[in-house]
Each structure stands twice: as C-alpha cells, then as structure tokens.
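Reviewing the structure listed below.
Quick note: numbers below take in every heavy atom, side chains included, and nothing from hydrogens, waters or symmetry partners.
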Amino acid sequence: MADSQTKHSTESSADADPCLPRLWASYVGWIPTVNGRLSFRHIGDSRHPTESICANLDLSNGRLIIAYQRRPLSDVLFPRIIHPYRGLSGDFWFVIAARTKAAAIDADAVSGQVFVYKSKDDWRSKADQKVRAHIAEINAQRFSLDNQRNQLAELSFDRATAVASNTADISVSFEILRDGTIFVSQPVFAEQALEEASVAFANASGLDLRSWVSNQVYFFLRDVSHNHQHHEPTSDNILVLQDYDASNDLEWRKKIIFSLHYAIIRFKRDDLSEQASYRALGILAYCKSFAMCCKTKLKDKFDNAPIFNEEALQLSLTAKANEISSRLQAIANIQTANMARASTLRTIALGIFAIIVAVIAILIQPRINEKDKATFPNLYEASTIAAENFFSFLQLGLLIVVVTWIYTHSDWAASTRTGRALLEASYIRKGRAVTLFLASAAALVAGGLWKFRAAVIDSYESLRDLISLFQ
Amino acid sequence: MLFLNYIGLALCFSAAAILVSFALKLLRADRIEAKKSASRVDGLADVLMGRAKTRDDWLPDGRIKGGMIFNKSKNRIEICGRLSDEAFNRIFR
C-alpha cells in the first residue's frame, strides 16, 4: 500500500500542472515563505528539534531529498521518570523521501512521502543503518564526475525509500509547491491493531488521530524546510493543516489567513512584551506573502477573501513595539542613572573607608606583639581570634558567596526545563504548591543545620568569639 | 571534614533558596492567565501525563501545544498536550 502511495504522489507532481486538483490529498496547508518561493535546496537540513541527517542532491533531471530526524513529541512532564514507569515512548523518527521531476530552476513542486517510526526500537532494528548508508551514498555523489552519477544516486534513493516504505509504522504522502502550498494525504498505518487502538483512544477524547498524525507530519516538513523566525520553534500553534476540498480552492486559504491573523492578535494583546509586537510584525509579513501567493494563483477569485487593514495593522504594531521599546528604554535609563550615581557614591565611601582601615592596620600592626599585649589587650585578642578562626571565617565567607551566587545565577524556575515542568505542575494548585515549596525549603534548612552541625557549631563559636570583642 | 560540612551546608541552603524562588515565582504568576490555562486540565495527573484538553479544528489552539506518545504496553499512539511556551511565559512573566 505504501508503495502505491509513493507512485501516486510522484505521478501527481505539480511540475506538469500546478493547478491540477490533488484527489489523493485530504489536507492542505502552507509552509511560510516570506518571498513566496520556497527553497527546495534546503529541505531536509534542520536543527530543530534535533539535528537531521540528510541528503539533498540536485541532479540534471530533478532533486533527490532524503532525510530523517528524531522528534521528541512527548508532552508528559518529567518524561525521564514517567515514561519508563508507565511504559511510554516519546521519541518518534520521521523520514522524508521526496524528489522533484525537473531541473532545479524549473521545478515547481517536490513530492514524496514521510515515514513515521513510533519508537527507537522500531527505527534502530528496521531502518536506521540502511537508510543512513543510502544517505551517505547519495552524499558521496555530490561532487562525483562519474558518468553514472544520476543512476547511482537514484538507485540509492529508491533503495532508501523502499526500506522506509517496507518498515515504517505510518506513511503519509505529500506534495509541496514552490509557493509553500502543501498537500498531505491520510496517514496509512502498517499495522491495523495499532491504528484501531490509537484511533479509538483519540476518539474517546473527541480528537481525530489521523488529522493529528498528518499535522505532525506537516510540522516535521515545516521544520525541515523553513527556518522559524517569528515564533519559538517549540510552538507549533500558528498554522495547522486544513481539510482539502478539491472543488474549493478559496476556503482553506481564508482559514490560513484567519489563523495567521489570530496569531497576530494573540501577540498584539501582549501589552508588556516588545518581542511579542515584533513577532506579530513578522507573522504579518508572512500573512502578506501568503495573500500575494493566493492572488497570483486565484486572481479575481481571491477578491472574495477577507480583507484586513494590513497597512494600519503594521503601523499599529510598529508604533506599539516602539512605544514599549521607548518605555523600557526610559525605565532602563533612569535605573542606570540611579545605579551609576549610587554606585559612584558607594565606591567613594567604601574606598575612603578601605583606605582608613588599611592605614590603621599598617600603623597598628607593629603593636600586636607580646611586649604591647598589656597596653593593647583588645587588639591582641582580635588578632588571636582571627588567627585561631581564620579557616572558619574563610569557609563561612565561601558558604555565603556560594548561596548568593546560586540564588542569583539565573531565573532557575523559568529558564530550565525541569523548572518549567515544576511550575507547570504546580500552578494549578497554587496555594498548596507555595506552601509545599516553602515547607520544603524550611525542611532543607533545618535538615542541613542538623546534618552538618559541625560547620554550624564552628561558625557559631567563631562568630561568638568575634562578637565578644565588642562587649 | 569540616570543609565538607560547609559544602553540604552551602548545598542545602542553595537548594532551599531555589525552592523559595519557585514559591515567589508562583506568587507573582498572572492570576487571570493561570486561571484560563488551568481550565484545560482536570487535575495534577492530567498535567503530569500531558493530557491538556485541546481544540481540534481548523484554527490552531494558541494555549496548548500538541504532541504524541507511544504507549508500548497498550500498543497505541496517544495524543498529548501541554501549555505552549507562549502561554507559559504569559503566566510566569
């Protein structure tokens, strides 16, 4: 079945006629391209979410693309603990095998299949070594002067496609046009039991597994063919696939435009973030590009499309970004000026104090001896305490530095993956979570004081001796 | 030995300081955004298992990012979802 899908999608290449309806497709979408012409040369080369292994070779009769990528798709919090405990696996392997049917400058479409492996075991045992070897073979032809270069590369491509086609758990056909339009078929499961169990589980939550899997394939294709510029690469929620109706080429385009404007409004409503306004501007640029692609394709028919005041919106977003930027800059300037003034005065005060102490220390140093002990008893006592407790003071100082350093190092809670997972798990029961965190902190302090009481007692005695000097 | 005691004490105090920073972060969370996001889950188990409710239609869900997992014991692919980075950052600005 998978083989027939490959043949089907390849035959329907839009190089012949970009206006032909794709009867095999169930979904349609758009891969954002701001200049309206997606580069096929870079398809397959991606570093998000993991680095892909790819071959993208331009031959005289078309381009061959084959690449694979591990995609951690689990949204389970603390996966390292929960996955083994519950028998789950969050890593999927996606393989793209696609080609164009014309030389680089004439190719208007790339078509092929995406193969999905549901687990590391499946991928490693069935396809990893073979697909990787074929990718290396294709890459070896990049600068080859062999007369049979085309045939050798195509042979490796066909073999890699056959391996993936015969061993993948799910296969999906697709076609990407030069303007970023993407057609995607229904996913085909190799194992009926897997399909039935998965669909039934999704149906119980009111979700459509087939469209979900197709969307994951779309996210993969988007990751390997475009660079995320105006949103975090981990957020896929700006565009999704739309149902494809071959008789209506306008409806899905309207939905894409609405989706892009929905994302713009979401970012625009964020009053505090300058970055959000700039992202909205970036998405507006994509939106304009998509509208231009639609106009080129549909001509007069696109007049029925929704009209947005994009120029006014762009001005508004720019003004907002500038306003936030200038407000933040003004606050930063005031803070910098205040801090600079305060730190200058503090530095001068500390400098004078340090000079006075240093001069006094130099002057009194000769007085600290057995001979002058009776004349300056406190001075001698202070010197004795400092000498006796030197290492205690040093360690206490280090302790204070370490705790301060770690506490102020960075925003641990929101900048680390575990920190974000902890916050996400705790915000739904905020009161209890705050109590738990504070109680745990208190328990840690108490436990530390007890467990490492030797250090506590040492510090206490050193400080007590020091304080006794002033009594 | 005494030095190791100081190191242990420093680690305990540092861990406590980090926990306090978590508590402060939660106290400063945006209440309205947190309430909207919390409505997508029924409880802690849902959050831990990535079972946030998400919309499945033509308009992308801005609050939840979707993924999937393979349940080996039941031989099925399960849809999952959790807070999107965008929604998370709005709660814990």
Side-chain angles (χ1 to χ4, degrees), chain A residues 73-77 82 87-90 118-119 193-194 197-198 201-202 207-209 212 216 232 234-240 242 255 259 262 266 272 395 399 402-403 406-407 412-414 420 422-428 430 433-434 437-438 440-441 444-445 447-448 451-452 454-455 458, chain B residues 1-3 5-6 8-23 25-27 29 34 37-38 41 43-44 47-50 52 56 58-62 64-86 88 90-93:
Chain A
L73 297 180
S74 172
D75 287 323
V76 171
L77 300 189
I82 293 178
L88 305 174
S89 160
K118 65 185 185 304
S119 67
L194 173 72
S198 308
F201 186 79
L207 299 168
D208 178 359
L209 183 91
W212 196 274
Q216 292 300 332
E232 283 153 3
T234 47
S235 292
D236 287 325
N237 46 8
I238 290 176
L239 286 177
V240 290
Q242 307 297 327
K255 289 176 177 173
S259 300
Y262 173 56
R266 280 205 322 262
L272 300 172
Q395 288 170 129
L399 186 145
V402 167
V403 174
I406 288 178
Y407 183 67
W412 292 91
R420 288 171 83 89
L422 256 179
L423 282 176
E424 196 173 337
S426 53
Y427 83 95
I428 53 164
K430 186 173 150 183
V434 169
F437 280 130
L438 292 177
S440 305
L444 261 172
V445 170
K451 175 80 180 163
F452 305 108
D458 184 57
Chain B
M1 190 62 194
L2 189 62
F3 180 69
N5 273 278
Y6 272 100
L9 202 57
L11 290 177
C12 283
F13 284 0
S14 302
I18 290 169
L19 287 173
V20 169
S21 74
F22 273 95
K25 201 84 185 167
L26 278 175
L27 286 171
S37 297
V41 285
L44 182 62
V47 182
L48 290 174
M49 294 304 295
D56 185 17
W58 64 269
L59 196 62
D61 189 334
I64 301 297
K65 62 177 176 183
M68 55 189 193
I69 47 175
F70 173 57
N71 190 328
K72 294 179 204 168
S73 53
K74 296 188 174 163
N75 189 34
R76 70 182 180 209
I77 291 169
E78 297 177 1
I79 289 171
C80 58
R82 66 185 282 189
L83 272 189
S84 67
D85 293 344
E86 180 193 333
F88 181 94
R90 283 190 186 185
I91 299 173
F92 302 104
R93 204 176 284 282

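For the atom pair CG (A:L399) and CZ (B:F13), the distance works out to 6.5 Å, reported to the nearest 0.5 Å. One finds the CZ atom of A:F201 at 8.5 Å from the CD1 atom of B:I79 (value rounded to the nearest 0.5 Å). In this structure, CE on B:M68 lies 11.5 Å from NZ on A:K118, to the nearest 0.5 angstrom. With rounding to the nearest 0.5 angstrom, the CG atom of B:L11 is 7.5 Å from the CZ atom of A:F452. In this structure, the separation between CG on B:L2 and CG on A:D458 is 4.5 Å, given to the nearest 0.5 Å. How far CG of B:N71 is from OG of A:S119: 12.0 Å, rounded to the nearest 0.5 Å.
Top candidate by heavy-atom pairs under 4.5 Å with chain B, chosen from A:A202, A:S426, A:A193, is A:S426. Contact count versus chain A (heavy atoms, under 4.5 Å) is highest, among B:I91, B:I64, B:L9, for B:L9. Options A:L422, A:V403, A:I82 differ in how many heavy-atom pairs under 4.5 Å they form with chain B, and the most are formed by A:V403. In terms of heavy-atom pairs under 4.5 Å with chain B, the best-connected choice from A:L194, A:L438, A:D208, A:V402 is A:L194. Interface remark: of the candidates A:R266, A:K451, A:Q242, A:R266 forms the most heavy-atom pairs closer than 4.5 Å to chain B.
Across all non-hydrogen atoms, the minimal contact from A:V240 to B:W58 is CG2-O, 3.4 Å. Pairing each heavy atom of B:A23 with each of A:F437, the nearest pair is CB-CB, 3.9 Å. Shown here for A:E424 and B:V47, the closest heavy-atom pair between the two residues is O-CG1, 3.4 Å. A:A197 and B:R76 get closest at one heavy-atom pair: CB-CB, 3.7 Å. Taking all atoms of both residues into account, the shortest heavy-atom contact from B:I69 to A:G90 is CG2-CA, 4.2 Å. Across all non-hydrogen atoms, the minimal contact from B:A38 to A:I428 is CB-CG2, 3.8 Å.
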Go through the steps for B:N5 and A:Q395 under the test side chain to side chain contact (heavy atoms under 4.5 Å, CB included), then give the verdict.
-> CA-CA 10 Å; B:N5 273 278; A:Q395 288 170 129; over 6 Å; no
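For A:Y427, the parts lying near chain B are the backbone and the side chain together; criterion is any non-hydrogen pair under 4.5 Å. With a 4.5 Å cut-off on non-hydrogen atoms, A:L209 touches chain B through its backbone and its side chain both. Looking at B:N75, both its backbone and its side chain come within 4.5 Å of chain A, counting heavy atoms on both sides. B:Y6 touches chain A through backbone and side chain together, each having a heavy atom under 4.5 Å away.
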